[in-house]
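Working notes for the structure below.
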Amino acid sequence: MIDIPFLVSVLNRVGGVLKEVLFPTQCLVCRSFFPGGAAQCINLKNPLQRLKNLGPDTMLPGIWAHNNFVSAEHANNYHGNIQKTFGTLMSPFLCATCSASFLPVESPMCSKCGIVFKSRQGEDRVCGHCIEAPKSYGMARSAGVYDQSLMSVIHCLKYKGKIQLTPPLGTLLFNAFIRYWDPKHIDMVIPVPLHERKLRIRGFNPSFLLVRNWPRIFEMLHGHLPVIPVEKDILAREKWTAPQTGLGRKERLQNIKNAFAVKDTSKIKGKKILLVDDVYTTGATANECAKVLLKGESKQVDVLTLARAM
Ligand SMILES: [Zn+2]
Ligand SMILES: [Zn+2]
């Protein structure tokens, strides 16, 4: 007699192997082909659920710690965890070598702007730049260093339009959010806007795409975290500016000055805002947005970016 379930499982396995041989995944960064990418492909619509299924080792350590799902000791082992999380999230796109080149942002860093100090000794403190030119925002933090694989995937997203990268990158960003903020102390998330013309040319705003999935994550964690709205139409970029890339610190400040405006100040009055962007370079953009939001009487503006240029 034929054992049907056994036959099905064998056929499935053979199918999986054939699929890997016939359609290996090409790494977005180094272009090499690697096996397993498709097989362990994350459900892109729900990368968080996939991580949850993998357990606390690869699951967003911040969320896990927040809910006492793991010991504090485990949560403190952030470096290993966040690297593993990055590897899991990016497994459909990056080979293991490229995934391993991800560098999380770690202490000691500037308690204000989040820049990582070269010396790996000592505690977090305010850096010289922030003392010289005080920032308008409260604090800025990032998920990873703007280098190697993280830099490459951000370029793929922004300049090659690989928007399929936004659910895993958005989940990584959410992980950083939970690590540094108590969600109870944030009232709304505002992505840094693009100028309307730029939005038409590019077709999407990467900063918004990074937080577009957040409401779904809040929904999934229903009861554990407050639901924070993502507001993409409150802040507008009204001045057409030259790209900040390639400009020095002073030119960046000059270039971005008066570029933003708040459309409806009644919506931000007294609110604690988390401003989100893809990359923090000199902080000129984030600081300019914070100035405008605070002028509109928001209570506090903090900044979260996916990557931090060092
Ligand atoms: Zn690679
Ligand atoms: Zn600083």
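Just so you know, these numbers come straight off a predicted model, no measurement behind them. Each residue takes its place number in the sequence, starting with 1.
Around CD1 of Ile163, the count of heavy atoms belonging to other residues, nucleotides or ligands within 6.0 Å does not exceed 12. Within 6.0 Å of CD on Glu196 lie no more than 12 heavy atoms contributed by other residues, nucleotides or ligands.
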>> Under the criterion side-chain hydrogen bond (donor to acceptor under 3.5 Å, both in side chains), I'd like the reasoning laid out for Ser107 against Asp124: C-alpha separation, chi angles, the key distance, then a yes or no.
In response: CA-CA 6 Å; Ser107 287; Asp124 290 357; 2.9 Å; yes
> After noting the C-alpha distance and the side-chain angles of Ile268 and Ile273, does the key distance pass the side chain to side chain contact (heavy atoms under 4.5 Å, CB included) rule?
Replying inline: CA-CA 8 Å; Ile268 59 164; Ile273 295 168; 3.9 Å; yes
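A donor-acceptor distance shorter than 3.5 angstrom exists from the side chain of Lys112 to the backbone of Tyr137, with no hydrogens or angles considered. Between the side chain of Glu288 and the backbone N or O of Thr285, no donor-acceptor pair lies under 3.5 Å. Arg237 places a side-chain N or O within 3.5 Å of a backbone atom of Pro193 that can act as its donor or acceptor partner.
Leu306 and Tyr280 are assigned to two separate hydrophobic clusters, defined by single-linkage of ILVMFWY side chains at heavy-atom distances under 4.5 Å.
Between Phe218 and Phe174, the gap from one ring centroid to the other is short of 6.0 Å.
Inter-residue side-chain proximity for Arg200 and Arg197 is flagged as met; some heavy-atom pair is nearer than 4.5 Å. Between Asp278 and Leu157 there is no side-chain heavy-atom pair separated by less than 4.5 Å. Within the 4.5 Å cutoff, the side chain of Asp277 has no heavy atoms near those of the Pro191 side chain.
Heavy-atom minimum distance, Gly114 versus Arg308: C-NH1, 3.9 Å. Annotation for Lys267 and Met188: closest pair O-CE, 3.2 Å, computed over non-hydrogen atoms.
For Arg141 and Tyr180, the positive end sits near the middle of the six-membered ring, less than 6.0 Å away and at most 45° from its axis. Cation-pi geometry between Arg125 and Phe117 is met: the NZ or CZ atom falls under 6.0 Å from the ring centre, inside 45° of the normal.
Within the model, atoms OG of Ser99 and CE of Met90 stand 7.0 Å from one another, a figure rounded to the nearest 0.5 Å.
By the 30° and 60° cut-offs, the orientation of the rings of Phe102 relative to Phe86 is parallel.
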